[in-house]
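In what follows, a structure is listed as structure tokens, so that the remarks can point back to it.
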Amino acid sequence: MSTAPAMATTNQNSTQGPASGNGEASGLNSEIQLVSSLAKLQELERKIHELRGFMPQGLLEPLVPIANPDKVSLGNPIAETPRILRASLDEAARARVADVQQFQSLWRDPELTSVWAHVESRIQEANGQLLQPTGKWDRDYDVLLEELARNEKSKIDEHQRVDEEAERTKAQSTEDEWKNVLERFVQRDMPGVRVIKGQDETSLAVALVRAGVVFQVKGVPSPGSPISDWEVSSQIAGRSPTKLEDAILGCVGSRPRKWDLAFLLDMISSYADIKQTPCVKCNRLTDNGAQLPTLRRPQANQQSLNGPARVYTFDALHFGCV
């Protein structure tokens, strides 16, 4: 392990255990926040060692092949003219300035602002006496941070799975729950979206007026459940689905929560303005292949409506922008 700067290691030592109020005051109130801050401090230390070599080695690197022909390489050849040498020196200087600016940006990172505040508070508690560091890092905190992030994601995924299973069980336990979902959706009166109940008990059609497409939705029963899934198609007598309809159907068919009619209706409705909605990634309506953004990704935070009912919102994406 490399030797850590005094301030960085002081912070490391002072955050090994729970801080008595100072951690919470400075925002260092969770293990993942602490590890993230320590990982950035390690990165700062690494960059400090790099900066030490910038003067004069980094700035004078183009002169090395001239002074020592044995150091000539494809990446650092001898400058053939004074103009080429000047351009190489200018480029080396710009690269070094960019490295310094990157270091300054990391130093002023908002997360590290709370770290510096925490260190200052500990120094004040010690009547201005600097805490003595050990001089070495005990862990590679970037590796530890990745491990914590994976564990946190696993917990979140498991929590979401349990919540979704409870929602699914509740929705499928009531035979006419889907009708309540449909009624709430119709009452929202979304622009450009029309819903027509089908002849079958669990079928309906969703027309996207502005997009010029109509989708048929049919509930699929299973043993012990009135409806376990919702199938979507665009079969219209006398014609085949368009390329746009096929693209939308492919995305809708791969959706999560296939038992959730509210999710499905909101997802289909997100295509109502597909010919006017740009991709959230590239901010363009069509990609290089002149294709519309037909992918839909559910946003993390969903709004609540009418108590437990939710309104799902989606981001539009091109296939190549995922």
Side-chain angles (χ1 to χ4, degrees), residues 1-62 64 89-160 280-281 299-301:
M1 291 293 178
S2 57
T3 302
M7 183 177 291
T9 314
T10 298
N11 182 74
Q12 177 192 16
N13 292 339
S14 63
T15 56
Q16 291 283 338
S20 57
N22 295 327
E24 294 182 359
S26 61
L28 304 176
N29 53 5
S30 74
E31 183 180 13
I32 197 164
Q33 285 176 322
L34 288 169
V35 173
S36 175
S37 298
L38 289 168
K40 289 185 177 181
L41 288 173
Q42 280 188 318
E43 177 66 10
L44 274 175
E45 183 206 9
R46 186 185 67 80
K47 289 188 176 297
I48 286 174
H49 289 306
E50 290 180 354
L51 287 171
R52 288 171 177 167
F54 288 171
M55 291 293 291
Q57 292 92 334
L59 291 174
L60 301 181
E61 187 175 358
V64 172
L89 289 170
D90 288 345
E91 182 179 354
R94 285 192 294 269
R96 300 293 80 80
V97 169
D99 289 331
V100 172
Q101 290 174 339
Q102 184 183 12
F103 174 82
Q104 290 175 332
S105 177
L106 182 59
W107 184 279
R108 296 165 181 162
D109 184 278
E111 182 178 342
L112 288 183
T113 300
S114 62
V115 174
W116 306 140
H118 178 74
V119 172
E120 289 294 335
S121 68
R122 294 299 299 268
I123 293 175
Q124 290 178 5
E125 290 176 3
N127 295 322
Q129 182 178 1
L130 293 177
L131 301 176
Q132 295 300 315
T134 63
K136 291 186 178 181
W137 295 102
D138 295 329
R139 299 286 299 271
D140 285 329
Y141 286 98
D142 54 345
V143 176
L144 181 58
L145 181 62
E146 292 180 1
E147 180 182 344
L148 288 175
R150 285 195 300 269
N151 293 338
E152 185 70 15
K153 186 178 184 303
S154 297
K155 292 178 182 178
I156 292 174
D157 290 345
E158 177 63 17
H159 182 70
Q160 290 178 341
V280 297
K281 186 75 174 291
Q299 296 179 358
N301 298 323

Fill in: Residues Glu91, Arg94; criterion salt bridge (Lys or Arg N to Asp or Glu O under 4.0 Å); working and verdict
CA-CA 5 Å; Glu91 182 179 354; Arg94 285 192 294 269; 5.5 Å; no

Discussion item. I'd like to know if the side chain of Ser154 and the backbone of Arg150 have a donor-acceptor N/O pair within less than 3.5 Å.
Written reply: yes

Worksheet item: Is the backbone N or O of Glu111 less than 3.5 Å from a side-chain atom of Asp109, with the two atoms forming a donor-acceptor pair by type?
Response: yes

Worksheet entry | Minimal non-hydrogen separation, Phe103 against Leu44, with atom names | CE1-CD2, 3.5 Å

Worksheet entry | Salt bridge flag under 4.0 Å for residues Glu43 and Lys40 | no

Practice prompt. Report the distance from atom CG of Leu144 to atom CD of Glu147, rounding to the nearest 0.5 Å.
Written response: 6.0 Å

Worksheet item: Between Leu112 and Ser37, which heavy-atom pair has the shortest distance, and what is it?
Response: CD2-O, 3.9 Å

Worksheet item: What's the spacing between Glu146 CD and Asn151 CG if we round to 0.5 Å?
Response: 12.0 Å

Discussion item. Closer than 3.5 angstrom, by distance alone: can the side chain of Ser105 be matched with the main-chain N or O of Gln101 as a donor-acceptor pair?
Written reply: no

Discussion item. Determine whether a donor-acceptor pair (N or O, by modelled atom type, separation under 3.5 Å) exists between the side chain of Gln42 and the backbone of Arg139.
Written reply: yes

Worksheet entry | Rounded distance (nearest 0.5 Å) linking atom CG of Leu34 with atom CG of Leu148 | 10.0 Å

Worksheet item: Rounded to the nearest 0.5 Å, what separation is found between the CZ atom of Arg46 and the CG atom of Leu106?
Response: 9.5 Å

Worksheet entry | CD-NZ distance between Gln160 and Lys153, expressed to the nearest 0.5 angstrom | 8.0 Å

Worksheet item: Atom OG1 in Thr113, atom CH2 in Trp107: separation rounded to 0.5 Å?
Response: 11.0 Å

Worksheet item: Between Arg122 and Glu125, is the closest basic N to carboxylate O distance under 4.0 Å?
Response: yes

